[in-house]
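Note that the coordinates shown come from a computational prediction; the quantities given were computed from them, not determined experimentally.
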Amino acid sequence: MGKDSSSLRVIRFLTVFFAVLCGAYLLVGGLWLSTIGGSWYYIISGIAMLVTAFLLWRRHSAALIVYALLLLGTLAWAVWEVGFDFWALAPRTDVWVIFGIWLILPFVYRGISQHGSKKTGVSLMGVSLVISAVVLAWAVFNDPQEINGTLPTADQAAPAAADSTIPPGDWPAYGRDQAGTRYSPLNQINEKNVKDLQVAWTFRTGDLKTPNDPGEITNEVTPIKVRDTLYLCTAHQILFALDAVSGKEKWKFDPGLKPNPTFQHVTCRGVSYHETPAAANTGAATPALCSRRIILPVNDGRLFALDAETGKRCPDFADNGVLDLQHKQPVTTPGAYEPTSPPIITDKVIVIAGAVTDNYSTHEPSGVIRGFDVNTGALLWVFDPGAKDPNAIPADGQSFVPNSPNSWAPAVYDAKLDMVYLPMGVTTPDIWGGNRTPEQERYASSVLALNATTGKLVWSYQTVHHDLWDMDLPSQPTLADITDKNGNTVPVIYAPAKTGNIFVLDRRNGQLVVPAPETPVPQGPAKGDRLSPTQPYSELTFRPQQHLSGKDMWGATMFDQLVCRVIFHRLRYEGPFTPPSEQGTLVFPGNLGMFEWGGIAVDTDRQIAIANPMALPFVSKLVPRGPGNPIEPPKDGAGGSGTETGIQPQYGVPFGVELNPFLSPFGLPCKQPAWGYISALDLKTNQVVWKKRIGTVRDSAPVPLPFKMGMPMLGGPVTTAGHVFFIAATADNYLRAFSTNTGEKLWEGRLPAGGQATPMTYEANGKQYVVIAAGGHGSFGTKLGDYIIAYALPDEK
């Protein structure tokens, strides 16, 4: 008896101690939360838990009754707050359910129940646990965030695909065509057989992170395929040509990039291809040198033209095949200006833009857009978005305008209209704009339409006015011809934005096709700044339809959820476009955006689109100048911060800024999941037909469990005529295939590293392949690698 009594006393002590800790934490935290406008639940639950602890200490079975009522009350409160959403219910109930099971274990309640009726307490506890289990089980299979529908079948009267001149088996541009559709007419892999996909070949580039790289080293490439060859670039812009059937290396070219930790990015999303009409028509076994060429942008501000057959430099292009993009830049620090996306190539012109370092200072490179002769590299035109005359080429000894708004994401091109469409960013620094000129504001965060031959402005449409949230246009737009309500064919451009809006404009003149009314937004800027009273809200959108509230806060348990609620109520938040503040502002949609550079995939035959929006809030906190926060950059001329999050100096303006995802003390998002979705749009009606969570916590949680919560992602989808679309992108290491019609997952392949890239598909020797770059993403936290992996159906026996 002595031994048993000693064990029971220890169990009793630990049980009571846990109950006291929980009760005290919830009571104190609940009192704090209630004083700043939060829920009273935590006070009530804290008191109930302390009463339970007292009764447990007194060894009274009423403790089980009180606790059972607490569990049932918590369940009712949780359902009232969030409905039957399992991942929202779980942190509100997980600890309570586990502790309730503990209390009715025979070796536990024997030591704590000496007074009152054990049977009543155990029975009520059992009922409460069963009810909790039923509610949670129901929630697992009935996700209120998902939309279940089926896309309409193809309309035979629909307009033809955007570019039928591309051989069906090729993928010659970043988005397959220069319209950015990410749609392939191949259907060998389809809904019925995609489950049989297997690895066809794997190629290792050997290009891995070095000690001199910044945290933002990323493998975001989408290979292109022309004839029998794949062309792709690595994070350090090493260019490889691979045999399309075997994946064997044909040649490689190393531009000799020398990054350092101050680079904000080290990445290459892709390369561009051009061939002269003579090369296309002769079909010679050995074409003339550089009659077919690859255009390679490099992060230190160079642009190479290389022979597609051999990888040799094109001697008649610029300076022996290399063009200096730093020419006439006001700042030439390596890494301050980075062309990270493949340029647009027309019959005559290379149209190239690039990224500048976000939030470093008011004296950074220009975001100038330039047109170069595709054969010689000679400068044909400029469009400097921050200049009074954007087309004026600076005279000798002069430079482009510092800090002009830049265009870092891939652009698109309409050959019939000879118009190039560029998604624009904002002038930097991003988060305070009191000193911006009218010229710097004019084209910021806009869709910019230029004549590709002359560089002259055709039209522009601004998606965010006086952008203080880094809500630029981060995605390659998509061109498509869509049938309107009256049966007319309208040439449109779809421009996905970080705000979650998809702006739809007539690409001939920039007129809205889908309304985007100007809507009042929160006011009250930081000292010295200003705000637009309204912002355009497209009616085709994935933006949150309701403002976040305390009930949207999340955590692994009630404890960190309580902390997230406190943090939320202490931040400034009045919905989208809440101004940056010294208090700290909750930015939702966050700086990462609901859409990123992956864009959407559009099947122009069926007039449908596949999208992968995200929902992850950020916090921006302005830091006034003062000791340790000088307004001028260091005299040693060091570069940027090497990252897009954390402390950003914003030299030259009255505030630095601290930018971070909105996370709990445990490093988990404070907003409840889902944080990432896949979805389908009917472009005739502009309606969301289905929406599903995508991604698991397998590669981001301490325990590798495949819980499908809906994960953040970087990368986009591609869709095919086989009614299948492919996407990697998520924070877990998978390439997945889904039914285009319903969103049902049909197949997934485990990747050896992060797949933060957009896949592509092509045909070679009668076989369809799907290729993904699995190299990971440094600041996104996925596993880094150097893999290019091709999947195909097994050969028939």
Side-chain angles (χ1 to χ4, degrees), residues 205-221 231-240 252-272 294-306 311 313-314 317-343 350-358 360-361 363-370 372 377 379 382 399-400 402-404 406-410 425 428 597 633 636-644 775 778-779:
T205 68
D207 186 17
L208 297 167
K209 180 177 170 63
T210 72
N212 286 327
D213 287 319
E216 185 83 356
I217 180 170
T218 66
N219 290 269
E220 299 177 353
V221 65
Y231 303 94
L232 59 99
C233 52
T234 66
H236 293 97
Q237 292 92 65
I238 301 172
L239 176 61
F240 286 90
K252 78 173 183 179
F253 173 80
D254 186 348
L257 176 69
K258 297 178 180 178
N260 63 62
T262 67
F263 275 44
Q264 196 165 72
H265 310 90
V266 175
T267 194
C268 186
R269 294 187 185 91
V271 298
S272 301
I294 301 297
I295 307 299
L296 170 70
V298 181
N299 286 176
D300 58 9
R302 293 177 292 162
L303 186 74
F304 284 87
L306 305 167
R313 295 189 188 195
C314 298
F317 181 86
D319 182 9
N320 191 30
V322 60
L323 181 65
D324 180 15
L325 298 177
Q326 301 277 35
H327 184 58
K328 293 188 180 295
Q329 279 285 11
V331 175
T332 57
T333 305
Y337 170 84
E338 295 183 272
T340 56
S341 295
I350 299 171
V351 181
I352 181 106
V356 303
T357 302
D358 283 339
Y360 181 66
S361 82
H363 190 66
E364 294 190 34
S366 173
V368 61
I369 303 153
R370 284 167 284 186
F372 295 95
L379 179 65
V382 305
S399 67
F400 297 111
N403 292 65
S404 287
N406 63 94
S407 180
W408 57 268
T428 187
W597 46 265
D636 60 10
S641 61
T643 177
E644 290 186 281
S779 62

Partners passing ring pair (Phe, Tyr, Trp, His ring centres under 6.0 Å) against Phe240 (at least two apart in sequence or in another chain)
Phe203
Could you walk me through whether Ile295 and Phe372 pass side-chain contact (heavy atoms from CB on, under 4.5 Å), step by step?
CA-CA 12 Å; Ile295 307 299; Phe372 295 95; over 6 Å; no
For a 4.5 angstrom cut-off between non-hydrogen side-chain atoms, does Asn219 reach Thr205?
no
Partner residues of Tyr337 under the ring pair (Phe, Tyr, Trp, His ring centres under 6.0 Å) criterion, sequence neighbours left out:
none
Among residues at least two apart in sequence or on other chains, which ones pass side chain to side chain donor-acceptor pair (under 3.5 Å) with Asp254?
none
If you look at every heavy atom in Pro342 and Gly270, which pair is closest and at what distance?
CB-O, 3.5 Å
Measure the shortest side-chain to side-chain distance between Leu296 and Cys233 over non-hydrogen atoms and say whether it is less than 4.5 angstrom.
yes
Heavy-atom distance under 4.5 Å between the side chains of Val351 and Pro343, does that happen here?
no
Spatial distance of atom CG (Leu239) from atom CG (Leu232) [nearest 0.5 Å]:
7.0 Å
Any chance the side chains of Thr210 and Asn212 put a donor and an acceptor closer than 3.5 Å?
no
Non-hydrogen atoms of Ser366 and Val356 that approach each other most closely:
O-CG1, 4.0 Å
The single option from Asn406, Thr357, Asn403 that satisfies side-chain contact (heavy atoms from CB on, under 4.5 Å) with Thr428 is Asn403
Which heavy atom of Arg313 sits nearest to which heavy atom of Asn320, and what is that distance?
CD-O, 2.9 Å
Just how far is it from atom CZ of Phe317 to atom CD1 of Ile350, taken to the nearest 0.5 Å?
4.0 Å
Taking every non-hydrogen atom, the tightest pair across Val266 and Glu338:
N-OE2, 4.4 Å
Hey, what do you get for CH2 (Trp408) to CD (Gln264), rounding to the nearest 0.5 Å?
11.0 Å
Set of residues satisfying side chain to side chain donor-acceptor pair (under 3.5 Å) with respect to Thr234, sequence neighbours excluded
Asp207
Taking only residues two or more places apart in sequence, or in another chain, which ones meet Ser341 in a side-chain contact (heavy atoms from CB on, under 4.5 Å)?
Arg269, Pro410
Any side-chain heavy-atom pair of Gln329 and Ser399 under 4.5 Å:
no
Separation between OG1 of Thr267 and CH2 of Trp597, rounded to the nearest 0.5 Å
7.0 Å
Heavy atoms of Gly377 and Leu323 approach each other most closely as O-CD1, 3.5 Å
Between Phe263 and Leu257, is any pair of side-chain heavy atoms under 4.5 Å apart?
yes
Who pairs with Asp319 by side-chain contact (heavy atoms from CB on, under 4.5 Å), at least two apart in sequence or on another chain?
Val322
CG/Leu379 to CG/Leu325 distance, rounded to the nearest 0.5 angstrom?
10.5 Å
Does a side-chain heavy-atom distance below 4.5 Å link His265 with Thr218?
no
Taking side chain as C-beta onward, heavy atoms only, is Val221 less than 4.5 Å from Cys268?
no
Looking at Gly311, is its backbone amide N or carbonyl O close enough to the side chain of Lys252 to form a donor-acceptor pair, meaning the two atoms are under 3.5 Å apart?
no
State the OH-CD1 distance between Tyr231 and Ile294, to the nearest 0.5 angstrom.
5.0 Å
Can you name the salt bridge (charged side-chain N to carboxylate O under 4.0 Å, His left out) partners of Arg302, sequence neighbours left out?
Asp300
Taking side chain as C-beta onward, heavy atoms only, is Thr262 less than 4.5 Å from Tyr360?
no
Partner residues of Asn299 under the side chain to side chain donor-acceptor pair (under 3.5 Å) criterion, sequence neighbours left out
Gln237
Identify, with sequence neighbours excluded, every residue that meets side-chain contact (heavy atoms from CB on, under 4.5 Å) alongside Pro402.
Pro330, His363
Which residues share a side-chain contact (heavy atoms from CB on, under 4.5 Å) with Asp324, sequence neighbours left out:
Gln326, His327
For Glu364, what residues pass the side chain to side chain donor-acceptor pair (under 3.5 Å) criterion, not counting sequence neighbours?
none
